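Since the structure comes first, as structure tokens, the remarks are kept for the end.
These numbers were taken from a predicted model, which means no experiment stands behind them. Residue numbering restarts at 1 for every chain, and letters A, B, ... go by the order of the sequence lines.
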Number of protein chains: 2
Amino acid sequence: MSQEKNPTKNDAYNAIQKQIQEGELAPGDWLVERDLCDQFGLSRTPMREVLWHLEKDGLLIQSPGRGFRVRELNLQEIMEIFQAREAVEGMAAFLVSHLHDQAFFDVISELRKELESLKDDELQETGPQIGARMHSHIISHANNSILKGFYTKLKNMYSLTVNITRRSREIEMVSRDSHLAIMKAIEDRNGELAEKLMREHLRETCRDITKIFYPNLI
Amino acid sequence: MSQEKNPTKNDAYNAIQKQIQEGELAPGDWLVERDLCDQFGLSRTPMREVLWHLEKDGLLIQSPGRGFRVRELNLQEIMEIFQAREAVEGMAAFLVSHLHDQAFFDVISELRKELESLKDDELQETGPQIGARMHSHIISHANNSILKGFYTKLKNMYSLTVNITRRSREIEMVSRDSHLAIMKAIEDRNGELAEKLMREHLRETCRDITKIFYPNLI
DNA sequence: CTGGCTCATTGTGTATACAACTTAAGTCAA
DNA sequence: TTGACTTAAGTTGTATACACAATGAGCCAG
């Protein structure tokens with residue numbers, strides 16, 4: 001779902017994606033084709049194409065005979081997402097460390113300085129934004145469209161938990177140090193270290209999110 | 001496309017997949033919906049669903065307004081596939097090394113002994129089979145359905161090149177040593193080493209295939 | 001001979017009608 | 001009261017007809 005000419009199908013895709021990611025449509029909610037057709041002015045055939053694309057991208061699940069519903073995640077699946085992110089983003093961090101593209105490293109350097117110089121009261125809001133930009137910048141410059149596609153799906157699925165997860169300030173502090181270390185390693189062209197740190201960072205984030213879901217565990 | 005009750009849609013999916021993987025349908029070939037409908041006794045709506053699933057799984061490409069054709073791979077994309085396999089299968093090798101499931105390690109041990117004891121004249125035919133079983137066994141027991149889904153897509157895409165690639169006996173010899181080393185590391189519960197060896201093995205295989213496509217390169 | 005235009009053919013994109021299935025409510029009997 | 005059975009409403013699965021876009025052949029002009 002990217003290079004369509006017809007605007008309505010894209011509109012429908014983006015609108016539903018937005019509704020899911022903003023929590024308007026909750027995990028488990030059923031989507032009724034007929035209602036969506038009325039809502040977006042499409043007939044059922046193209047509407048179902050949109051729904052299939054949303055399923056492919058990890059946001060919906062199709063139950064044969066019952067239709068589509070918003071994907072639900074259990075703890076096991078959340079851990080699987082983070083393991084997969086370790087594999088995909090770890091590899092991406094390794095790959096970008098060996099680039100010959102000064103502009104890429106300049107942006108990493110800027111992001112690092114920006115994050116370093118954040119005041120305590122800016123950290124909670126701006127910290128995660130810079131982190132997201134870092135992750136996105138790394139995967140975008142790994143020059144591997146397959147890994148990027150995997151990342152997109154994983155990020156979509158991860159967004160299904162964000163509505164529940166309100167990450168605490170302490171977690172964000174930890175993420176800051178990890179992000180700084182990752183960017184430092186990339187700037188040093190140390191691919192092995194960058195990959196190792198990226199994976200530790202994601203494993204740590206996974207643990208933190210797990211704690212929020214199941215505070216008594218571990 | 002897995003747990004459908006209706007047989008015809010599954011039949012169509014499997015038949016087209018088989019035709020592609022056996023070279024009956026070559027990369028770049030166009031698929032005409034109407035013909036496929038006649039061939040499988042389906043109407044266009046469910047037929048298109050099948051085609052979308054095949055696209056999702058990496059075997060077809062949809063050109064808006066032109067229809068579906070069998071995916072074509074250039075050298076860049078082949079390298080991307082192997083980088084992604086490094087990430088996915090490397091992580092899987094790491095994960096299985098920390099399992100507490102004796103039956104899994106027993107199978108690995110059996111596969112290793114089977115491969116070790118192959119005579120020279122059996123190696124060309126049986127060697128790749130054992131290798132494929134090893135890769136499949138590892139990803140299946142990593143307990144991560146997301147990684148397994150990624151692997152399925154990568155293997156589908158990789159199969160698009162196999163018709164062209166007739167791997168030489170020497171390459172298979174090298175693969176044998178790599179496979180043996182990987183299985184040894186897993187049996188020793190050495191996850192870091194297993195992952196490292198898996199990645200080296202895939203990087204090597206990628207180089208070998210690249211040489212077949214572009215003998216003058218490198 | 002070549003370049004561009006027209007028009008017919010072919011195939012996909014969409015809309016809609018009908019069939020089959022799932023679900024849930026309501027009824028009757030134990 | 002509870003259990004199973006019947007039945008009806010609603011939703012998805014499928015088939016088909018029509019609209020539109022792309023392609024290629026043939027023709028004409030330069």
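- Counting non-hydrogen atoms of neighbouring residues, nucleotides and ligands closer than 6.0 angstrom, the CZ atom of A/Arg34 reaches no more than 12 such neighbours.
- Between A/Phe104 and A/His141, the two ring planes are tilted [angle within 30° to 60°].
- Counting to the nearest Å, the P atom of C/dA15 and the CG atom of A/Leu42 are 7 Å from each other.
- Put simply, B/Ser43 has no side-chain N or O that comes within less than 4.0 Å of OP1 or OP2 on D/dT14.
- The side-chain tip of B/Arg207 does not point at the ring of B/Phe82 from less than 6.0 angstrom away and within 45° of straight on.
- Every residue meeting the side-chain hydrogen bond (donor to acceptor under 3.5 Å, both in side chains) condition with B/Arg203, not counting sequence neighbours, appears here in chain and number order: B/Glu86.
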Set out, line by line, the N/O atom pairs under 3.5 Å between protein and nucleotides 8-12 of chain D.
from   : atom 1 : to      : atom 2 : distance (Å)
D/dT12 : OP1    : A/Leu31 : O      : 3.3
D/dT12 : OP1    : A/Glu33 : N      : 3.3
D/dT12 : OP2    : A/Glu33 : N      : 3.4

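- Atom CG of B/Asp38 is separated from atom P of D/dT16 by 11 Å (rounded to the nearest Å).
- Salt-bridge formation is not detected for the pair A/Arg199/A/Glu204: no Lys NZ or Arg NE/NH1/NH2 atom is positioned less than 4.0 Å from an Asp or Glu carboxylate oxygen.
- Rounded to whole Å, atom C1' of C/dT12 lies 11 Å from atom CH2 of B/Trp30.
- Atom CG of B/Leu60 and atom P of C/dT12 are 12 Å apart (whole Å).
- The nearest whole Å value for the distance from the CD atom in A/Glu49 to the P atom in C/dA15 is 12 Å.
- Under the 6.0 Å distance and 45° angle rule, A/Arg85 does not count as a cation-pi partner of A/Phe150.
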